Amino acid sequence: MGREIELKLAVPDAALLEKIYEDPAFSGSKCAEFAMKTTYFDTADRKLSSHKWMLRQRLENGHTVTCFKMPLGKHARGEWEAEAEPLAAALALLAQQEGVPAELKELSAQELFPVCGAEFRRRTRDISFPDGSQAELACDLGTLTGGGQTIPLCEAELELKTGEPEQMQALAAFLCRKYGLHEEPLSKFARAKRLAE
């Protein structure tokens, strides 16, 4: 099981998102760009949502990754991934991984159906802190979809890769002060699911 620690910052528009991405604080950092298309799945009786679990299949620059997440506390989630195209094959791989809940192992692909989705461009920067901790800044711009509705997606996300979260949290506070941002408490899935509901 991976442990994901991240902070999402709501950004009002694409122009400001670009300024954040090009901030001098990130000058010289390694950058990358990805095209993302995500489908979120659940059962008819919302078995996964009732536990605050998330199961998604994401196409990342033509590469399919299926991911299962569950909450571990504020800003932290357990995360398991499987690289497989058919959902059934991905579920089988996830079920073999350590720490996966028994309820997920019992699910079949036939019980799951698409609930909502997201499609966006992600631009990333690798960030190294003085204490040796490392994080990733991801600037996401696109749309969230659900229930036949679409809303804009514009956010900056900081995800801890190694080390302790204090330096990353300080960077998030700096960006909030400098650009007048606030933390986005809801995940992409939670916001898209609201549309579907």
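These numbers come from a predicted model, not from an experiment.
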Query - Counterpart residues, side chain to side chain contact (heavy atoms under 4.5 Å, CB included), relative to Ala32 (two or more places apart) - result: Phe34, Thr124
Query - Leu91 with Met70, same ILVMFWY side-chain cluster at under 4.5 Å - result: yes
Query raised in the report: NZ of Lys37 to CD of Gln57: how many Å apart, nearest 0.5 Å?
Result: 12.0 Å
Query raised in the report: Is the shortest heavy-atom distance from the side chain of Ser187 to the side chain of Arg77 under 4.5 Å?
Result: yes
Query - Leu160 side, atom CG; Gln134 side, atom CD - distance, nearest 0.5 Å - result: 9.5 Å
Report summary line: For Thr39, the side chain to side chain donor-acceptor pair (under 3.5 Å) test, sequence neighbours excluded, returns none
Query raised in the report: With the 4.5 Å side-chain cut-off for hydrophobic clustering, are Phe174 and Leu9 part of the same group?
Result: yes
Query raised in the report: Does Leu141 share a hydrophobic cluster with Leu7, counting links as ILVMFWY side-chain heavy atoms below 4.5 Å and allowing steps through other members?
Result: yes
Report summary line: Rounding to 0.5 Å, atoms SG (Cys176) and CD (Glu183) come to a distance of 7.5 Å
Report summary line: Across all chains, not counting sequence neighbours, the salt bridge (charged side-chain N to carboxylate O under 4.0 Å, His left out) partners of Arg123 are Glu18, Glu22
Requested in this report: Kindly write out the residues that satisfy side chain to side chain donor-acceptor pair (under 3.5 Å) with Asp45, not counting sequence neighbours, or none if the list is empty.
Outcome: Thr43
Report summary line: side chain to side chain donor-acceptor pair (under 3.5 Å) filter on Arg191, not counting sequence neighbours, yields Glu155
Query raised in the report: Are the side chain of Ser29 and the backbone N or O of Phe26 linked by a donor-acceptor pair below 3.5 Å?
Result: yes
Query raised in the report: Excluding sequence neighbours, so at least two apart, what forms side chain to side chain donor-acceptor pair (under 3.5 Å) with His182?
Result: none
Query raised in the report: Could you give all pairs that pass the salt bridge (Lys or Arg N to Asp or Glu O under 4.0 Å) test and reach residues 161-180, with sequence neighbours left out?
Result: Asp23-Lys178, Glu159-Lys161
Report summary line: Smallest heavy-atom separation, Ala90 atom then Ala82 atom, equals O-CB, 3.8 Å
Query raised in the report: How close do Glu184 and Leu186 get, heavy atom to heavy atom, and via which atoms?
Result: OE2-N, 3.0 Å
Report summary line: Taken in chain and number order and not counting sequence neighbours, the residues that satisfy ring-ring contact (aromatic ring centres under 6.0 Å, His included) with Phe68 are Trp53, Trp80
Query raised in the report: Mind checking what makes salt bridge (charged side-chain N to carboxylate O under 4.0 Å, His left out) contact with Lys193, not counting sequence neighbours?
Result: Glu197
Query - Within residues 135-147 or reaching into it, pairs that qualify as side chain to side chain donor-acceptor pair (under 3.5 Å) - sequence neighbours excluded - result: Arg122-Asp140, Asp140-Lys188
**Report entry** Cluster check Leu55, Phe113: I/L/V/M/F/W/Y, side chain < 4.5 angstrom
**Finding:** no
Query raised in the report: With sequence neighbours excluded, what pairs up with Arg121 under the salt bridge (charged side-chain N to carboxylate O under 4.0 Å, His left out) test?
Result: Glu33
Query - Distance in Å, Gln110 CD paired with Leu87 CG, rounded so as to fall on 0.5 Å steps - result: 9.0 Å
Query raised in the report: Does any N or O in the side chain of Glu106 come within less than 3.5 Å of the main-chain N or O of Glu103, such that one atom is a donor and the other an acceptor?
Result: no
Query raised in the report: Would you say Ile151 and Phe120 are hydrophobically clustered, going by side-chain heavy atoms of ILVMFWY under 4.5 Å?
Result: yes
Report summary line: Sorted by chain and number, sequence neighbours left out, side chain to side chain contact (heavy atoms under 4.5 Å, CB included) with Pro12 holds for Leu16, Leu181
Query raised in the report: Heavy-atom distance under 4.5 Å between the side chains of Tyr179 and Lys19, does that happen here?
Result: yes
Query raised in the report: Got a donor-acceptor contact below 3.5 angstrom from the Gln167 side chain to the Ser128 backbone?
Result: no
Query raised in the report: Does the side chain of Phe41 come within less than 4.5 Å of Pro114's, by heavy atoms?
Result: yes
**Report entry** Polar side-chain atom of Arg125 near backbone of Tyr21 as donor-acceptor pair, under 3.5 Å
**Finding:** yes
